[in-house]
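Here's the structure we're looking at; comments come further down.
Below, read A as the first sequence line, B as the second, and so on, with proteins coming before strands; counting in each chain starts at 1.
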There are 2 protein chains.
Amino acid sequence: MTRLDYDEISARLRLLAHPERLRILDAVRRDSECVCHLEALLDKPQPYVSQQLRLLRDAGIIADEKQGQNVFYRLSDAEVRDWLDVMLGPVVGEHPDMSLHKRLIPCPCPKCNDDTPLAVSERLLQRS
Amino acid sequence: MTRLDYDEISARLRLLAHPERLRILDAVRRDSECVCHLEALLDKPQPYVSQQLRLLRDAGIIADEKQGQNVFYRLSDAEVRDWLDVMLGPVVGEHPDMSLHKRLIPCPCPKCNDDTPLAVSERLLQRS
DNA sequence: AAGATATATGCTAATTTATGCATGTTTCTG
DNA sequence: CAGAAACATGCATAAATTAGCATATATCTT
């Protein structure tokens with residue numbers, strides 16, 4: 001039986017105990033998301049979002065993957081995934097807000113443009 | 001499907017994200033414990049312990065029950081119990097340190113003295 | 001009632017965390 | 001190469017949390 005390290009667990013927990021970081025984690029636990037999406041999701045300035053991402057990344061909770069100009073983040077810690085499943089409920093389908101943002105925000109990242117060019121321009125037109 | 005309230009969840013989480021409070025919760029999720037025991041467990045001044053207990057009590061996470069001179073605290077929130085099961089592991093047997101403290105600390109609370117008077121005095125003698 | 005014991009409360013200083021913002025870096029495009 | 005787009009970093013300040021300590025309250029004992 002491994003002795004519990006309350007310091008370590010609470011340090012980890014402290015990173016989750018923040019509404020915006022929790023929102024980020026709830027998004028990236030489903031699918032990897034680029035910073036532009038997360039920025040739209042939180043509706044906060046980009047440096048703010050990057051700052052929260054850094055904290056989570058430095059702790060090894062999320063991992064980044066560069067794809068051209070964009071950086072995609074995904075949940076990389078299995079333990080934290082279990083915690084989130086209990087605290088936020090298990091992942092069911094798509095993130096309720098994420099699908100919305102993919103429609104509304106003209107983001108050039110590959111994730112947003114994996115469909116036909118027609119659908120993209122149509123999407124842009126509907127925004128006015 | 002109920003919409004997630006990240007503010008509420010993170011506020012709750014913030015209370016758990018503290019090493020001493022986590023230690024308290026790990027104790028009281030097994031059995032109700034009086035303040036004197038928790039004081040011994042944390043090895044911190046009594047006002048410090050009472051302060052942490054107050055935070056958890058005001059949030060409805062733990063509940064107090066007065067028994068004469070002593071106050072016993074127990075985990076009262078089912079949701080937090082689930083969280084702790086995942087974060088600290090499920091409760092197996094007795095708390096590893098608690099049984100120790102019941103032996104070493106001459107506490108007059110009923111929990112410590114639910115055995116024969118002989119055993120109590122014997123315990124006191126062994127401390128010198 | 002006086003003293004002792006167990007616990008709670010209030011206040012303050014120290015520390016940590018959060019937030020805002022200016023600027024730096026990298027990659028892509030023309 | 002110049003400019004733009006996407007993201008990161010550093011730093012200063014504000015806000016929240018922690019921790020220490022004096023003191024208050026309630027109960028029990030004699």
Excluding sequence neighbours, so at least two apart, what forms side-chain contact (heavy atoms from CB on, under 4.5 Å) with Ala11(A)? Arg14(A)
I need the [atom1]-[atom2] distance between [X] and [N], as an integer number of Å.
{"X": "Leu42(B)", "N": "dA19(D)", "atom1": "CG", "atom2": "C1'", "answer": "13 Å"}
{"X": "Asp64(A)", "N": "dT25(C)", "atom1": "CG", "atom2": "C1'", "answer": "15 Å"}
{"X": "Asp58(A)", "N": "dT17(C)", "atom1": "CG", "atom2": "P", "answer": "14 Å"}
{"X": "Leu56(A)", "N": "dT9(D)", "atom1": "CG", "atom2": "C1'", "answer": "16 Å"}
{"X": "Glu39(A)", "N": "dA6(D)", "atom1": "CD", "atom2": "C1'", "answer": "9 Å"}
{"X": "Lys44(A)", "N": "dC21(C)", "atom1": "NZ", "atom2": "P", "answer": "12 Å"}
{"X": "Glu65(B)", "N": "dT7(C)", "atom1": "CD", "atom2": "P", "answer": "13 Å"}
{"X": "Leu55(B)", "N": "dG10(C)", "atom1": "CG", "atom2": "C1'", "answer": "13 Å"}

Under the salt bridge (Lys or Arg N to Asp or Glu O under 4.0 Å) test, residues paired with Glu39(A) that sit two or more places apart: none
Salt bridge (charged side-chain N to carboxylate O under 4.0 Å, His left out) pairs touching residues 43-57 of chain A, sequence neighbours excluded, are none
Among pairs that include at least one residue of residues 79-89 of chain A, which meet salt bridge (charged side-chain N to carboxylate O under 4.0 Å, His left out), considering only residues two or more places apart or in two chains?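 Listed by first then second residue: Arg12(A)-Glu79(A), Arg29(A)-Asp85(A).
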Side chain to side chain, [X] and [Y], heavy atoms closer than 4.5 Å:
{"X": "Met87(B)", "Y": "Leu16(B)", "answer": "yes"}
{"X": "Leu75(A)", "Y": "Leu84(A)", "answer": "yes"}
{"X": "Leu88(B)", "Y": "Leu25(B)", "answer": "no"}
{"X": "Ile24(B)", "Y": "Tyr73(B)", "answer": "no"}
{"X": "Phe72(A)", "Y": "Asp64(A)", "answer": "no"}
{"X": "Val35(B)", "Y": "Asn70(B)", "answer": "no"}

Identify, residue by residue, the members of residues 16-23 of chain B with a heavy atom below 4.0 Å from DNA chain D, and return them in order of residue number, or none.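 Close to the strand are His18(B), Arg21(B).
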CG (Leu41(B)) and SG (Cys36(B)) are apart, to the nearest 0.5 Å, by 11.5 Å
If you take any heavy atom closer than 4.0 Å to DNA chain C, which residues from residues 46-54 of chain A end up in contact? Pro47(A), Tyr48(A), Gln51(A)
In B/S/- notation, 5' to 3', how is nucleotides 25-30 of chain D contacted by protein heavy atoms closer than 4.0 Å? -SBS--
Report all side-chain donor-acceptor pairs from residues 46-53 of chain A shorter than 3.5 Å, counting only partners two or more places apart or in another chain.
| from | atom 1 | to | atom 2 | distance (Å) |
| --- | --- | --- | --- | --- |
| Gln46(A) | NE2 | Ser50(A) | OG | 3.0 |
| Gln52(A) | OE1 | Arg21(A) | NH1 | 2.8 |

Measure from the side-chain N and O atoms of Ser76(B) to the backbone N and O of Ile61(B), and report whether any donor-acceptor pair falls under 3.5 Å. yes
Both Pro45(A) and Val71(B) contact DNA chain C. Which one's nearest nucleotide lies toward the 5' end?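 Comparing both residues, the 5'-ward one is Val71(B).
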Report the C-alpha separation of Asp26(A) and Tyr6(B) in whole Å, then their side-chain angles, then the decisive distance to 0.1 Å, and conclude whether the side chain to side chain contact (heavy atoms under 4.5 Å, CB included) test is met. CA-CA 10 Å; Asp26(A) 193 18; Tyr6(B) 299 104; 2.5 Å; yes
Answer yes or no: does a side-chain N or O of Arg14(A) lie under 4.0 Å from OP1 or OP2 of dA16(D)? no
Pairs under 3.5 Å (Watson-Crick or G-U), crossing ones as [ ], inter-strand ones as |: DNA chain C comes out as ||||||||||||||||||||||||||||||
